[in-house]
Amino acid sequence: MCGGTPKTANGTGGQIERARNNSSVPLGNNLSCTQLDERIRKSLRDESVSCANKVTRLLQNSWSSSEFDLNEIRLIVYQDCERRGRQVLFDSKAVRKIDEAVVQKMAEEASIKTSARNCQASNGNNISSHSPSISCMQNMKEQIPKYQYTRPASDVNMLGEMMFGSVAMSYKGSTLKIHYIRSPPQLMISKVFSARVGSFSGSNNNLQDSFEYINQDPSLGKLSSNQNGLGTCRSGSNLAHSTPVDMPSRGQNEDRDSGIARSASLSSLLVTPFPSPSSSSSSSSSYQRRWLRSQTTSLENGIIPRWSTEEMFSMADESCSSNPAMVRRKKIAISIIFSLPEKEEAQRNFQDFFFSHFPLFESHMNKLKYAIEKAMISCRKIAESSQRVQVYISRVMDALGEFRVTIWNLYSVPRIAEPVWLNMMSSTLEKNQLCQRFLKEFTFLIEQINKNQFFAALLTAVLTYHLAWVPTVMPVDHPPIKAFSEKRTSQSVNMLAKSHPYNPLWAQLGDLYGAIGSPVRLTRTVIVGKRKELVQRLLYVLTYFIRCSELQENQLTWSEKAGEGEQVLNGSKITTALEKGEVEESDYVVVTVKNEPALVPPILPPKNDGSKNNSTAEWVCEPESTQAVPVSSKEKSETIGKDSQTSETSVDCLTSNFCKGAADGRKRTVTDTGIISYHSEESSKLEDVMDVKKSKNQNERKVEKQFSSRSSALPCPERSGHRSSHLEKVTFQIGSSASPESDLETHRREMEENLNTLIKNPEVIHCASSSTNLTVDASQKQEDGCEAAFTPISKHNVCYAQIPPCEEKESILNQHMESKGAEVNLINSISSELLLPTNNIETVKLTNMKENRTLCSGNLENCSSDCVEAHSAVKQDSPKVCAKDVPYGDSGRKTSFRVEGDIPRNESSDSALGASDEEGDCCIPDEVHHNISKRLEEFAEVELPLPRSNTISSQCVKNFGRSLLGGYCHTYIPDLVLHGINNDEKLKQYLLADLFHAMHHPVLDEPIAEAVCIIADTDKWNVQVATSQRKMMDGVKLGKDVLVSSQVSSLLQSILQLYKLNVPADFCIMHLEDRLQEMYLKSKMLSEYLRGHTRVHVKELGIVLGIESNDLPLLAAIASTHSPYVAQILL
Amino acid sequence: MNAIVALCHFCELHGPRTLFCTEVLHSPLPQGAGSGDVPGQNEPAEEEEGGIQMSSRIRSHSPAEGASADSSSPGPKKSDMCEGCRSLAGGHPGYVSHDKETSIKYVSHQHPNHPQLFSIVRQACVRSLSCEVCPGREGPIFFGDEQHGFVFSHTFFIKDSLARGFQRWYSIITIMMDRIYLINSWPFLLGKIRGIIDELQGKALKVFEAEQFGCPQRAQRMNTAFTPFLHQRNGNAARSLTSLTNDENLWACLHTSFAWLLKACGSRLTEKLLEGAPTEDTLVQMEKLADLKEESEGWDGSEEEEKPSSQPDVVEGQELSKSSPETSLMPDCNSWNVAHRRLSVFRSLRHMRQVLGASAFRMLAWHVLMGNQVIWKAQDMDLVQSAFDVLRTMLPIGCVRVIPYSDQYEEAYRCNFLGLSPHVQIPPHILASEFAVLVEVRAATRSSLYPTLFDDEQSLNKYEFVVTSGSPVAADRVGPTILNKIEAALTNQNLSVDVVDQCLVCLKEEWMNKVKVLFKFTKVDSRPKEDTQKLLSILGAAEEDNVKLLKFWMTGLSKTYKSHLMSTVRSPTSSESRN
């Protein structure tokens, strides 16, 4: 990767230069151009070319960083002090770097020879920063002002408001905020801390003044214009007034305005043990982690503060005793502002990255905060004011530079394009190839670089610390018999995700870091080596062993989908377009999903009708409300009468009717159907929202006429007619009609509602409506063929009745295909309803339905009129069926799923939510009324069914599994779970601090015990484990050498031998998994052994259990994922 | 999703107010936790006909009690509320939606009933509308802390022809304790909530325009410029959102929409998490159960269709019935465990080894592991049964065929464990065979045979065990590796029975893994003998006994596994595939 100097415009302090520029180490892919954008573009190209033949293809990144400008990351530090009000303590936008030449000159003037030379060496227009190697000269340089602090930008007051809020909060801990600023597009993340102020004495106070000096002293602006910076500074210090810092406290309770005191019940909640879920062996640790997370972040029983984060901003040395009285009176806000690219796509990309990777951003922000604290404290010791400011500014700028580079690295780092484990999990097609490729690499490494046990040591360490592989080999206890003996998706975890949703991104992050054992350890692995190809091979192979779950993105939709084979889904229009890639050579497909309406129309119980004009009384359920349904026609009362009959009879009627309908379909004319449905639609179309009631009677009369004249043979025609009008009213009420959209949109909605009146299944609408244009055409054609006066609006008719004259048209066939989904669904809804009343006739009806469906689909192919008739039959029946009494209960709904399961779609229809539409549409039997009123007495909520849902799933690429497995990077990057670097210089410099930081500010949002880094050096052939718990051993070693487990080496050997014996790759991998499972079983044995022992007799383990002492760390770590007590004994 | 979604309003008379609030109630226990495979469960999730039952703790916060305790509820007093501050009318029970599939309930009220949640929401509402500053006043903000929860808030205006500035200020907030989850969901929430807001604003705009058309407020206000707030005091000041949008079902609609939002956000990302393959023992057991089921179904329905090998099957059924009590085909088997505990039985391999003596046990175990027929001749059926129960633990389940007690000799292909009554004649060639071992249980001639060991085991003292075979195992014979390990484990008294059990599991799986490779190699790929020899040495099983053992154990592989290996596309010859 391009090492580098991101664009450091001459302007506002873009200083990100770091020590690596001094290193002469050849960087892989190093590109010399300094322009960021160009560089990245080029590196993309280079990457693809240079890696094409390589074993490990490195994906440049999932996130295009071309639009991301480092200098657009802005830092603001603000202080809110009771006494002094708000002050900007730092604004990177107000910092300007003084021309290097000037610095140079001053340096020379100050006759610091060495410094001068080094300054020259540090390249370009960057300002060098702290680095141990140049620290001596750093001191010299700090003497010289490199920065000029101008006035803070004009927006800084507004930003301050945003950070602190307009009302002071009394909360002592830190507060996190994220703002989106529309123009120019910016994302601001800020944290407000209470300041811990030490009890100062003497000169320390001056810090405060220095800040004020920064803020207020206009003379500072002249500093740079005056070539003699030092002189000016001195004079500036004279201007600075010195005042005592803190007044005595005004008392503690002053600003407890909005805090919520922790109640006693809260702490008792803490003690309450959670119901522990299954401790069954299969994937218990993964499961347990997720379950606990969902419980500890639950809101149901009030909140449970998980860990006290009395995170403060420390403004004094730790040696200074903090004065609690002063604590709450001063707040420090640190805010980072990302300027977003103007281009929408790039902006979305960065936002996606930012929000999905937020824990990492936050972690770096904490690091930055720490550096700012340090800068403030250390500069305090400098007596001379202007110098103090310079030190402060340059320190903070250094930290900011580091932050910028880290973020940029994180965003743009090369990633492993094909993490083996994840790819094997997701793609089934090329699995064999994947296996072969992996095994080839794997065995190559075993053969080539395991002479000194290097590879075995590395793998031992990885298996010991990146523990997420363990749940993937834990044998399941109860596999379904038909399933093959391979790994399967964990059902228990799936269930958990449904019933107790947790954050899969978080879970994945923990898996990757191996943080599933006990005690919780957070692990990263770094491969060091000059031989890029070798390092890449290692990285590639390790992605098989460093495991995590694969993420899927699900789009839930509530409206029905259209037919198959087209891109209109669930009322969301998905358009795909091939666009020319900007950066890459290739094209890419842009998929746009237009979402369905965000307001989900509720399915209301009909009792609401009575109280239509009284919004506050809608819940009142009185007997007369049913009567009050604003339909006064004769049929109405008839219907009600019928409804109150026993369900059996009506069911019988319906069933027979239904069957008859299906059978008689041939005889019936399609036009007939069309008209019946059409009339109600037409009338409703004409109606205004408010006029529904008025025209209802008319409408119904019409329908009645229709029925009496045309379809008197139908047993329950009135009901269907009545029903549709009744329905129509209900749906209108719901209010989606008052849509704010354009006329077209409104029009569309009206159509939907019309459709709704007919099918009574509101979900069908959207799919139907989505094919408007096509259907309009078709229906136009229909007008000739059919007598009925079809208008474009009567989409529903089109769906079902359009077919008869269609002998010729291909397009109609297509269209019919489109509407198939809807039809099928209609059928399903019918079937489910049919099934509802009684269980004993289920099967009969099911078969009916099935027959019908097969009939439909079979006929679809040749588009015969049979098909149409069948559909029309279905359709005609549907209103009647809908009119059936449907009890509130959901018994029998399961069956409807089964039918639906036949739909060849990636959908999960949850019956419980759906299907219940009938509740809103049907007259409620007395019994139910009774239930409701009974429940009302108990103040039970009004039940509103959720609409049936469909799920469109797609693989989610932008997750940690794809982003934290890095490739061969130009520099050490602390966040990556896995990556390779050229040399360990940077590692040595930063590792320990990073580990400490990782432990104290865990990205997992839960306490961890230890942060670990596995370092495998392919140049020195050693594998070490560095940890936050031990000090670095000495200057040479980063950590402790790894003990090679004999389990692992024998595993490696046998895989290699099998491979050499030409055992097929996929089988070798199966064997590999079996061997890993053996390790798991051994760990079970070990934990069982340890249960009774406080001391481990290694000899016993060896002879009897086949566990050697070098296996102990590995097996104990594995055991810690299922038996936490092991750690207490062994570790 | 563990979140609360709420609609808040900044009332010009009363300040920030929570209008409507949708909570999620999960079942107290995870789904599937109550199912049979989890014996450790304190109690299974109460599944009832109407859906899930919340635990009492949750129920106590449920609106049922909250509403009845209306006066003491933490909500603002009625007098402090105007139309604009109110969503559901007083006494309205709120809304609920059940998601049966996930056992999640979504409930909506004006305020949460749980007092702590009430303040959480209240605090979030206040912060959203009067503390946090959003540029342009309309837009998304995230804020929060560990103590008060984390909030995603989106503020917006609703047109109102009667309001000051012709608009009113609202916000939709989402509250979670899992801040990372909430922040991860930002883009999703922003999109959906923005959509809801757009629609609300659209509705209100229509009403606004209609009202303006009918009675232009601006003009009117111009005329009454000197009494600017007069109309507000007239009672128009606070209009409900329902009237502003002219949607009387607004709250029901919002409930559905919020519930939907919570559901969609909670299922936005799902994990595919793999778990390990079942062990061979598990697979075989499942297969046997399935066979058994099929068979019993067959018996139920039709005439007894006699299968030639029915007897061993039945026997297997009996065995299974012990491991899975629900198929109680042989109740005596179960009762035996309980009732005859103190009778003369073997309790463990270690126990048996102590009783038989090390060398006799070794011979017996050797035959067991090799798949030779093990015949016990004894009067006491229970004793034989217990012996087989103990011995079979050395073998994979698939290798075990037991006829616990028979009145005639059964051939070795039918059973490798055969119990016989003492008078049954065993064919002489069997007795002379090296592929069979006989254990005769006789009444002890001297009761002091094992005096020291079994003070507490009076019952076994009365027996004498004679182990014979056609070809006794030579004492110096190394034997299969697994036998030596088993013996070592049994010898070491430091290891508890549980450790030994785990040890057996490990050993068996380890060797089954070798068996799998051998099967693949010889049966599926039909590789030449020299290769097989190489393979065996790779597996560390080149010795004669180990090879024998592997061959026998191969018969115990599950059908599932075998058919999978057979059916997977034979990979192209390796030389092609690897270059």
Side-chain angles (χ1 to χ4, degrees), chain A residues 161-162 165 167 175 177-178 181 260 277-279 283 297-298 302 309 355 358 472-476 479 481 484-485 487 490 493 495-496 498-501 503-505 549-550 552 556 598-600 602 615-616 619 735 738 740 910 912 939 941-942 944 946 1057 1062 1064 1074 1081 1085 1088-1089 1104, chain B residues 1-2 30-33 38 67 89 92-97 100-102 116 119 131 133 142-143 145 177-178 181 183 186 195-196 199 202-203 242 247-248 252-253 256-257 260 264 266 269-279 286 290 488-489 498-499 502 506 513 538 561 564 571 574:
Chain A
E161 281 279 292
M162 287 157 67
V167 177
T175 306
K177 288 181 198 178
I178 302 172
I181 303 162
I260 296 172
S278 123
S279 54
S283 62
T297 58
S298 167
T309 45
F355 288 114
F358 177 78
T472 68
V473 301
M474 283 186 191
V476 276
I481 181 66
F484 162 56
S485 51
K487 296 177 189 304
S490 167
V493 172
M495 297 273 274
L496 180 73
K498 280 185 175 158
S499 64
H500 294 80
N503 186 1
L505 271 172
S549 56
E550 179 70 301
Q552 231 185 17
L556 221 60
L599 273 184
V600 186
S615 64
T616 54
W619 52 274
D910 26 325
F939 296 95
E941 292 93 342
V942 174
L944 293 176
L946 289 177
Q1057 297 306 322
N1062 289 328
D1074 283 343
L1081 292 171
M1085 182 165 70
E1088 199 57 59
Y1089 173 81
V1104 182
Chain B
M1 185 152 107
N2 260 324
Q31 279 193 340
V38 193
H92 188 296
Y95 293 107
V96 65
S97 290
K100 294 266 174 1
E101 188 200 11
T102 58
Q116 202 188 357
S119 19
C131 298
V133 177
F142 170 91
F143 57 83
D145 51 63
M177 287 313 290
D178 189 337
Y181 201 171
I183 292 171
W186 168 301
I196 292 175
E199 289 191 46
K203 286 173 187 231
T242 332
D247 182 355
E248 67 197 35
C253 180
T256 319
S257 304
W260 185 259
L269 288 178
T270 50
E271 279 188 294
K272 191 178 171 189
L273 189 71
L274 296 193
E275 55 191 7
T279 60
M286 300 299 291
D498 289 335
V499 178
Q502 274 300 329
C506 282
N513 288 340
I538 292 171
Y561 184 82
H564 171 76
S571 51
S574 329

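In what follows, chains carry the letters A, B, and so on, assigned in the order in which the sequence lines appear, proteins first and then strands, with residues in each chain numbered from 1.
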Which heavy atom of [X] sits nearest a heavy atom of [Y], and at what distance?
X	Y	answer
S257(B)	V600(A)	OG-N, 2.7 Å
K203(B)	L599(A)	CE-CD1, 3.8 Å
Y181(B)	N503(A)	CA-ND2, 3.1 Å
P93(B)	V942(A)	CG-CG2, 4.0 Å
P501(A)	M1(B)	CG-N, 3.2 Å
E941(A)	Y95(B)	CB-C, 3.4 Å

Can you tell me how far the [atom1] atom of [X] sits from the [atom2] atom of [Y], to the nearest 0.5 Å?
X	Y	atom1	atom2	answer
L274(B)	T472(A)	CG	OG1	7.0 Å
I178(A)	W186(B)	CD1	CH2	6.0 Å
L273(B)	E550(A)	CG	CD	11.5 Å
E271(B)	Q552(A)	CD	CD	11.0 Å
F142(B)	F358(A)	CZ	CZ	6.5 Å
L505(A)	I183(B)	CG	CD1	12.0 Å

- Side chain of D178(B), backbone of T297(A): donor and acceptor closer than 3.5 Å? no
- Query: Is the backbone N or O of L944(A) less than 3.5 Å from a side-chain atom of S97(B), with the two atoms forming a donor-acceptor pair by type?
  - Reply: yes
- Message: At a heavy-atom distance under 4.5 Å, which candidate from V499(B), N2(B), D498(B) has the highest pair count against chain A?
- Response: N2(B)
- Query: chain A: which of A488(B), C506(B), G266(B) shares the most heavy-atom pairs with it under 4.5 Å?
  - Reply: C506(B)
- Below 4.5 Å, heavy atoms only, C-beta onward: do T270(B) and P504(A) meet side chain to side chain? no
- Query: Do the side chains of E275(B) and V493(A) get nearer than 4.5 Å, heavy atoms only?
  - Reply: no
